[in-house]
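Inspection log for the structure reproduced underneath, given as structure tokens.
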Amino acid sequence: MRVAVFSTKAYDRRFLSRSNADAHRLDFLELRLSPETARLTQGADAVCAFVNDDLGRAVIEQLADAGVRLIALRSAGFNHVDHAAAEAAGIAVGRVPAYSPHAVAEHTLALILTLNRKTHRAYNRVREGNFALEGLMGFDLRGKTVGVVGTGLIGTVLVRILRGFDCQVVAFDPVHNPECAALGARYLAMDELLGTSDIVSLQCPLTPDTFHLIDDAAVARMKPGAMLINTSRGAVIDTPAVIRGLKNGHIGSLGLDVYEEEANLFFEDLSASFIPDDVFARLLTFPNVLITGHQGFFTAEALEAIADTTIANITAFEQHGAPLHPLPTRS
Ligand code: NAI
């Protein structure tokens, strides 16, 4: 198969080339897939895309015209794909449903621990010879209530880790997971979860139901001073509402690995330029906000698994006409 691989960095090339035992022709492109770059797929059988590539209807129609028959996502999330448009165009879509839920769950813990014990600030202080502790006080995680929203693969690993810290775990998910219940997670209604959690962590997919799940009303229902963590998808949070919560002190701290408008920021080095997004720039002014640039997935184990499954999806499509892991059936 000839595959146009969009949004590639050196690490993508390394891991995909290493997994490509089936000798597909991989054309690596640094560009993001968009209406402007879709014409580069001319002659390709498949495109391989990442989280901030545009797979809306307009692009999908261009892909179909170019002869593309498969979209191989290098991600678990598929909220950026117009599934109906792909079906209508006769383009199959494969994804990587599970590469390392541990990678994202452990990164979620990293955000929680850093925000709580303020190690990001301590690091800078100590390097400047400032050993004062004022402003660095945290709390014991033991006994605190953590609300996990979405108890799928990542949520379940997170529940297990949190139980190891002796946290009380409450959960919200339209589908109750017996594994999480067995680990001691107590399922509540979303409003109840918000009202009882010292930390709220979002591990749900972005869907019409979860779009701006955390809005002004949800912020108001949270415990005063609670920590909010989002390692799922940016648009699950209404960022201006959360900024209002930070400004009036209702939200105690915020940890983000994802941001609604991240496509124009993340994965690029903008350090010699400027941040064009005023909402994001406002977030950076809070000492109690910690942002990482969508790196939850970024472990060696996860990259290896992503590359292996992506190649397996492409090979299965070539041999049997369907990827190994198609998108879930549309409801
Ligand atoms: P999963 O499909 O195993 O689990 C998702 C869970 O969310 C399911 O149990 C589902 O029932 C639940 N859910 C659906 N609608 C919900 C709602 N309205 N409220 C609460 N829960 C709801 O997915 P997995 O692998 O656990 O990943 C979760 C999300 O994490 C992905 O969809 C993706 O957006 C994000 N992610 C982020 C990464 C990062 O690098 N930061 C990497 C990988 C995934």
Side-chain angles (χ1 to χ4, degrees), residues 7 9 11-12 49-53 55 73-81 83 93 95-112 147-161 169-181 183 185 187-194 197 200-215 218 229-237 255-260 262-263 265-267 290-303 305-306 309-310 325-331:
S7 297
K9 303 288 181 197
Y11 46 82
D12 296 305
F50 199 45
V51 289
N52 291 327
D53 285 312
L55 287 158
L73 301 175
R74 304 198 294 283
S75 60
F78 52 89
N79 51 283
H80 55 313
V81 182
H83 196 173
V93 186
R95 66 172 182 139
V96 187
Y99 40 89
S100 171
H102 299 274
V104 186
E106 289 171 16
H107 189 70
T108 303
L109 240 291
L111 293 179
I112 293 174
V148 177
V149 180
T151 52
L153 292 169
I154 296 169
T156 303
V157 177
L158 182 62
V159 170
R160 188 175 298 118
I161 294 173
V169 179
V170 294
F172 173 73
D173 193 311
V175 183
H176 291 197
N177 179 344
E179 195 181 341
C180 287
L183 286 165
Y187 280 92
L188 299 177
M190 185 64 186
D191 285 358
E192 267 185 288
L193 177 147
L194 292 172
S197 300
V200 174
S201 189
L202 305 172
Q203 322 303 150
C204 53
L206 175 61
T207 66
D209 285 343
T210 62
F211 176 79
H212 288 184
L213 183 68
I214 304 298
D215 56 8
I229 303 286
N230 187 11
T231 54
S232 63
R233 283 291 181 268
V236 177
I237 279 183
L256 300 178
D257 187 47
V258 286
Y259 172 63
E260 187 165 4
E262 71 178 47
L265 298 170
F266 287 3
F267 308 125
L290 178 62
I291 306 176
T292 52
H294 206 139
Q295 69 175 79
F297 74 99
F298 200 57
T299 67
E301 289 82 357
L303 286 181
I306 289 171
T309 306
T310 299
H325 302 284
L327 296 191
T329 316
R330 284 192 308 124
S331 49

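This chain uses plain numbering: 1 for the first residue, then up along the sequence. As the structure lists them, so they are numbered: ligands from 1, and atoms in each ligand from 1.
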Does Q203 approach ligand 1 within less than 4.0 angstrom via side chain, backbone, both or neither, non-hydrogen atoms only? backbone

Do D257 and ligand 1 have an N or O pair less than 3.5 Å apart? yes

Are there protein heavy-atom neighbours of atom 23 (O) of ligand 1 below 4.0 Å? no

Compute whether any side-chain donor of one residue and acceptor of the other, for N230 and S232, lie under 3.5 angstrom apart. yes

Starting from atom 29 (C) of ligand 1, locate the nearest protein heavy atom and write down its residue, its atom name and how far away it is, to 0.1 Å. C204 O, 3.9 Å

Any heavy-atom pair between the side chains of V96 and T310 that's under 4.5 Å? yes

Any chance you could lay out the side-chain contact (heavy atoms from CB on, under 4.5 Å) test for R74 and V51, step after step, and finish with the verdict? CA-CA 8 Å; R74 304 198 294 283; V51 289; over 6 Å; no

Consider every N or O of P174 and every N or O of ligand 1, then say whether any pair is closer than 3.5 Å. no

Nearest-0.5 Å distance that lies between atom CD1 in I112 and atom NE2 in H107: 11.0 Å

Report the C-alpha distance between F211 and L206 in whole Å, list the side-chain angles of each, state the deciding distance to 0.1 Å, and finish with yes or no for side-chain contact (heavy atoms from CB on, under 4.5 Å). CA-CA 6 Å; F211 176 79; L206 175 61; 4.3 Å; yes

Which residue supplies the protein heavy atom nearest to atom 36 (N) of ligand 1, what is that atom called, and how far is it? R233 NH1, 3.7 Å

Determine whether the side chain, the backbone, both or neither of F298 has a heavy atom under 4.0 Å from any heavy atom of ligand 1. neither

side-chain contact (heavy atoms from CB on, under 4.5 Å) between Y99 and T309: does it pass, once the steps are laid out? CA-CA 8 Å; Y99 40 89; T309 306; 5.9 Å; no

Could you identify the single nearest non-hydrogen protein atom to atom 19 (N) of ligand 1 and state the distance to 0.1 Å? F172 CE2, 3.4 Å

Report the part of I154 (side chain from C-beta onward, or backbone N, CA, C, O) that has a heavy atom under 4.0 Å from ligand 1; answer both or neither where that applies. both

Using a strict cut-off of less than 4.0 Å between a Lys/Arg side-chain nitrogen and an Asp/Glu carboxylate oxygen, indicate whether E260 and R233 qualify as a salt bridge. no

Among D173, T151, N177, which residue satisfies the side chain to side chain donor-acceptor pair (under 3.5 Å) criterion with Y187? T151

Counting non-hydrogen protein atoms only, what is the nearest one to atom 35 (C) of ligand 1? Give residue, atom name and distance. S232 O, 3.5 Å

Ligand 1 N/O within reach of D173 N/O, cut-off under 3.5 Å: yes

Honestly, for N177 the part within reach of ligand 1 (heavy atoms, under 4.0 Å) is neither

I want to know if ligand 1 touches V104 in the polar sense, i.e. an N/O pair below 3.5 angstrom. no

Atom indices of ligand 1 within 4.0 angstrom of G296 heavy atoms, with elements: 40 (O)

May I ask you to identify the nearest protein heavy atom to atom 7 (O) of ligand 1, giving residue, atom name and distance to one decimal place in Å? P205 CD, 3.2 Å

Distance to 0.1 Å, residue and atom name: give those for the protein heavy atom nearest to atom 3 (O) of ligand 1. L153 N, 2.9 Å

Output the distance between atom OG1 (T329) and atom NE2 (H83), rounded to the nearest 0.5 Å. 7.5 Å

Run T231 and V258 through side-chain contact (heavy atoms from CB on, under 4.5 Å) and show every step you take. CA-CA 6 Å; T231 54; V258 286; 5.8 Å; no

Centroid separation F266 to H294 less than 6.0 Å: no

closest protein heavy atom to atom 4 (O) of ligand 1 is G152 CA, 3.2 Å

Among all protein heavy atoms, pick the one closest to atom 18 (N) of ligand 1 and tell me residue, atom and distance. T210 CG2, 3.2 Å

Does the separation of the ring centres of F50 and F297 fall below 6.0 angstrom? yes

Tell me, please: is Y99 in heavy-atom contact with ligand 1, that is, under 4.0 Å? yes

Heavy-atom protein neighbour under 4.0 angstrom from atom 13 (N) of ligand 1: yes

What atoms of ligand 1 come within less than 4.0 Å of a heavy atom belonging to H294? 39 (C), 40 (O), 41 (N)

Does the side chain of T108 pick up a donor-acceptor pair with the side chain of E106 at under 3.5 Å? no

Short N or O distance, T231 and ligand 1, threshold 3.5 Å exclusive: yes

